[in-house]
2 protein chains.
Amino acid sequence: MAEDDPQQDEHGAGRRLRADARRNEDAVLEAARVVFAEHGVDAPVREIALRAGVGMGTLYRRFPTRADLVAAVFRREVDACAAEAQALAAAHPPLAALVRWLRRYSGFIGTKRGLSAALHSGDPAFDTLPDYFRERFTPALAGLLETAVAARQIRAGVDPYDLLRAIGNLSVATESGGADHTGRMIDLIVDGLRFGADG
Amino acid sequence: MAEDDPQQDEHGAGRRLRADARRNEDAVLEAARVVFAEHGVDAPVREIALRAGVGMGTLYRRFPTRADLVAAVFRREVDACAAEAQALAAAHPPLAALVRWLRRYSGFIGTKRGLSAALHSGDPAFDTLPDYFRERFTPALAGLLETAVAARQIRAGVDPYDLLRAIGNLSVATESGGADHTGRMIDLIVDGLRFGADG
DNA sequence: TGATAAACGGAGCGTCGCTCCGTATATGCA
DNA sequence: TGCATATACGGAGCGACGCTCCGTTTATCA
């Protein structure tokens with residue numbers, strides 16, 4: 001990857017940020033991630049700036065709106081979760097990698113309660129999020145599924161996006177339900193995938 | 001109805017408000033309805049108080065939270081919409097009453113964009129709204145359906161809540177779609193109901 | 001027709017998202 | 001390396017928000 005190349009803009013476009021600007025953008029995103037996780041997405045921007053060690057001006061130059069910051073953090077977390085699919089695939093047998101990633105994904109969805117409210121707020125900053133979500137997660141899961149199919153550990157013909165939605169719904173709805181109810185439901189679904197596999 | 005009896009509390013519980021208090025509560029609800037319709041549910045409370053000709057203290061004594069006010073207005077509008085079912089049933093033949101009410105209901109849902117965001121906000125003031133919605137609308141529609149079935153104008157066996165959800169979804173999703181797209185979809189559904197009716 | 005409980009009203013508090021602009025510094029050229 | 005300058009920083013401050021507080025007014029009833 002060329003992400004460490006200071007000449008290379010993170011988003012590919014013609015921007016070229018000063019080194020301190022890049023550092024601060026990163027610090028803000030990381031601080032926002034932590035603060036949102038601790039206090040919810042309604043946490044004040046000031047607190048994020050404080051935690052990032054950055055002034056309000058700096059923060060708002062990069063993220064013109066509160067919603068832009070929320071959306072950026074969300075995209076970052078989607079990227080991180082999707083990227084783990086490859087890491088897990090490299091470190092585990094196909095079926096184990098699949099199960100681990102589904103749990104990871106479920107955990108990701110389960111902690112994003114405030115986000116569903118944001119998505120329905122009508123703020124244009126969130127308009128592209130559903131597509132982003134789908135574009136990143138579908139190939140990630142598709143890769144895991146194909147590998148497991150090729151190893152004859154699960155059956156073929158499962159649509160990745162269907163599975164994402166199913167487990168997503170499971171994970172959102174589950175607030176109560178006792179010890180790892182969602183985990184057991186995931187196991188159940190995976191067993192369903194295994195049924196009819198060749199090996 | 002006994003609603004005009006000043007001894008009778010609106011909600012049945014043991015409260016007995018002073019006459020001015022009752023007047024003001026009503027003025028606030030009506031003002032809030034208008035302001036929310038004009039400027040969305042995010043409209044400032046001050047504007048509602050101003051329009052109602054009432055001080056902030058008065059408003060907040062009755063509705064301790066912004067969300068409480070929003071919820072109260074919503075319940076009021078649900079009541080009004082549900083009550084129209086009986087009025088329409090008295091004024092029109094069964095099938096016509098049914099169609100008119102479905103359009104009325106569709107219009108109600110269609111103007112409640114901001115509300116779906118509120119429902120997902122997690123504010124406890126909204127917790128009981130889904131149940132309220134269902135408890136009021138299901139019998140209202142059930143009555144219309146039964147009358148039309150008895151007149152052999154539609155077939156039996158249609159679940160009122162299913163129909164509420166179906167038309168609700170139609171009405172929410174439709175922002176674009178051209179002239180009265182939702183209306184045509186309702187007609188389509190009604191034709192489906194008529195299919196197989198005896199008369 | 002007072003006495004009094006009940007209700008009113010709006011100035012003001014704390015906080016929010018966001019802006020503005022004087023200051024600091026990373027960068028490219030000599 | 002030293003300088004000029006575009007670039008970025010930081011935080012006081014603005015307007016608006018939800019909500020509270022409490023001195024004033026009024027409906028109620030003996």
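First the proteins, then the strands, lettered A, B, ... as listed; each starts at 1. Quantities reported herein were computed from a predicted structural model and do not represent experimental measurements.
Separating the CE atom of M56(A) from the P atom of dC21(C) is a distance of 17 Å, rounded to the nearest angstrom. Remark: P of dA8(D) and CZ of R22(A) are 12 Å apart, rounded to the nearest angstrom. Rounded to whole Å, atom C1' of dA26(C) lies 12 Å from atom CG of L17(A). Distance, L59(B) CG to dC21(D) P: 17 Å, rounded to whole Å. At whole-Å resolution of the value, CD in E47(B) and C1' in dG15(D) are 16 Å apart. Summarising the geometry, the separation between CZ on R16(A) and P on dA8(D) is reported as 11 Å, rounded to the nearest angstrom. The distance between atom CD1 of I48(A) and atom C1' of dG17(C), rounded to the nearest whole Å, is 12 Å. Atoms CZ (R23(B)) and P (dG9(C)) sit 10 Å apart, rounded to a whole Å.
Counting only heavy atoms from C-beta outward, the side chains of F133(A) and R75(A) never approach each other to under 4.5 Å. Contact check for L141(A) versus Y161(A): no side-chain heavy atoms found under the 4.5 Å cut-off.
Of all nucleotides listed (dG28(C), dC19(D), dC9(D)), dC9(D) comes nearest to the side chain of T58(A).
Ion pairing between a basic and an acidic side chain is recognised when a charged N comes within 4.0 Å of a carboxylate O; D187(A) and R103(A) show such pairing. Of the charged side-chain nitrogens involved, at least one lies within less than 4.0 Å of a carboxylate oxygen, so that E77(A) and K112(A) count as a salt-bridged pair. Here E25(B) does not pair with R22(B) in a salt bridge; the nearest charged N to carboxylate O distance is not below 4.0 Å.
Comparing A67(B) and D20(A) by the nucleotide of DNA chain D whose heavy atom lies nearest to each, the residue mapping closer to the 5' end is D20(A). Nearer to the 5' terminus of DNA chain C, by closest-nucleotide assignment, is the contact made by A43(A) (compared with the other of R61(A) and A43(A)).
Contact annotation: Y60(A) side-chain N/O to dC18(C) OP1/OP2 distance is under 4.0 Å. T65(B) has no side-chain polar atom (N or O) that falls below the 4.0 Å cut-off from OP1 or OP2 of dG18(D). Between R66(B) and dG18(D) there is a side-chain polar atom (N or O) within less than 4.0 angstrom of OP1 or OP2. Neither OP1 nor OP2 of dA7(C) sits under 4.0 Å from any side-chain N or O of N24(B).
One donor-acceptor pair, N or O on each side, does fall under 3.5 Å between the base of dG13(D) and the side chain of R46(A). Between the side chain of R18(A) and the base of dT7(D), a donor-acceptor pair under 3.5 Å is found.
A distance of 11.0 Å separates OG of S106(A) from CE of M185(A), quoted to the nearest 0.5 Å.
Direction change of the helix axis from one end of the helix from dT1(C)-dA30(D) to dC29(C)-dG2(D) to the other is 0°, with five pairs defining each end axis (rounded to 10°).
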Let's go through Y132(A) and D79(A) carefully: what are the C-alpha distance in whole Å and the side-chain angles of both, what is the deciding distance for side-chain hydrogen bond (donor to acceptor under 3.5 Å, both in side chains) to 0.1 Å, and is it a yes or a no?
CA-CA 10 Å; Y132(A) 192 87; D79(A) 289 345; 2.6 Å; yes

